[in-house]
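Counting begins at 1 with the first residue of the sequence.
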Amino acid sequence: MASKALLVLAALTGLAWPAGVTAQGVTATVLSIGDGDTIRVRQAGRVVTVRLACIDAPETAQSPHGQQARSYLQQRLPIGRAVSLAIKTTDRYGRSVAEVISDTNINLAMVEDGQAFAYRQYLGGCDAREYLRVCGKTTAGGTFPPGKS
């Protein structure tokens, strides 16, 4: 019974992305930065909104930290930059949830540099140990909700 469920899940997951797209690394081009944890990319000829997996950054309206997180992400991922997406899932808003890799894991860099928190509730798809290790290295970073490490 469990193996049938896994086969159905695998088949449904395969329908969510075009042929040739796997969770191992989808190549995309940065089009814009929404806020500190959301970007838009062009992948396989279509525009895709990507929520950075396993982290939570302040909203842009949460001054001044939200704008700082967005500016940081704009510096790390300039428009036109080629990135690799390690896609984890699709969220309830239809966004792809992924770790974004440029010259480094951008999601981890956001936490390490104090621009975002490791989102403990959603660390399951990422290297939780690494995210929590990075949280321990910085006084500005941490886990979300705050105080729960």
Side-chain angles (χ1 to χ4, degrees), residues 1-74 76-77 79 81-102 104-132 134-135 140-149:
M1 182 74 168
S3 60
K4 268 188 178 178
L6 287 174
L7 286 173
V8 170
L9 180 61
L12 290 174
T13 304
L15 294 175
W17 285 93
V21 175
T22 69
Q24 300 315 130
V26 175
T27 302
T29 303
V30 175
L31 296 176
S32 65
I33 305 299
D35 58 22
D37 54 25
T38 308
I39 65 173
R40 274 169 280 304
V41 299
R42 180 170 310 282
Q43 191 278 318
R46 64 185 186 136
V47 175
V48 178
T49 301
V50 178
R51 168 72 163 79
L52 276 64
C54 304
I55 69 168
D56 190 40
E59 300 303 319
T60 306
Q62 293 174 309
S63 189
H65 304 291
Q67 188 55 46
Q68 289 172 353
R70 182 176 188 264
S71 294
Y72 175 90
L73 197 52
Q74 286 173 320
R76 295 299 299 255
L77 296 175
I79 293 172
R81 170 74 53 95
V83 295
S84 178
L85 306 175
I87 299 166
K88 308 301 179 184
T89 190
T90 301
D91 71 9
R92 65 182 177 202
Y93 304 108
R95 301 175 297 187
S96 297
V97 179
E99 285 184 292
V100 179
I101 313 299
S102 181
T104 189
N105 181 325
I106 297 299
N107 306 40
L108 272 172
M110 292 286 292
V111 175
E112 190 166 36
D113 293 340
Q115 301 301 317
F117 293 95
Y119 207 160
R120 189 172 189 75
Q121 180 179 346
Y122 297 104
L123 286 177
C126 298
D127 183 350
R129 213 175 266 193
E130 183 65 10
Y131 279 85
L132 295 174
V134 166
C135 288
T143 59
F144 183 84
K148 305 233 181 186
S149 53

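- Taking Ala98 as the reference, Val50, Leu85, Ile87 meet the side chain to side chain contact (heavy atoms under 4.5 Å, CB included) condition, with sequence neighbours excluded.
- The distance from atom CG of Leu73 to atom CE of Met110, rounded to the nearest 0.5 Å, is 5.0 Å.
- The two residues Gly36 and Ile55 have their closest heavy-atom pair at O-CD1, 4.5 Å.
- Residues Val111 and Ala118 come closest through the heavy atom pair CG2-N, 3.8 Å.
- A distance of 4.5 Å separates CG of Asn105 from CD of Glu99, quoted to the nearest 0.5 Å.
- For the side chain to side chain contact (heavy atoms under 4.5 Å, CB included) test with Ile39, the passing option among Leu31, Leu52, Val48 is Leu52; the others fail.
- Interatomic distance, CZ of Arg120 versus SG of Cys54, reported as 12.5 Å (0.5 Å rounding).
- Qualifying side chain to side chain contact (heavy atoms under 4.5 Å, CB included) partners for Thr38, counting only residues two or more places apart in sequence or in other chains: Asp35, Arg40, Thr49, Arg51, Arg95.
- Ser102 is linked by a side chain to side chain contact (heavy atoms under 4.5 Å, CB included) to Leu77, Arg81, Val83, Ile106, counting only residues two or more places apart in sequence or in another chain.
- Going from atom CD of Gln68 over to atom CD of Gln115 covers 6.5 Å, rounded to the nearest 0.5 Å.
- The shortest non-hydrogen separation linking Thr27 to Gln43 is O-CG, 3.4 Å.
- Listed by chain and number, the residues in a side chain to side chain contact (heavy atoms under 4.5 Å, CB included) with Glu130 are Leu108, Asp127, Arg133, Val134 (sequence neighbours excluded).
- Atom CD1 in Ile33 sits 11.5 Å away from atom CZ in Arg76 (nearest 0.5 Å).
- Scanning for ring pair (Phe, Tyr, Trp, His ring centres under 6.0 Å) contacts around Tyr122 gives Tyr119, with sequence neighbours left out.
- Looking at every heavy atom in both residues, Tyr131 comes nearest to Cys126 through CE1-CB, 3.5 Å.
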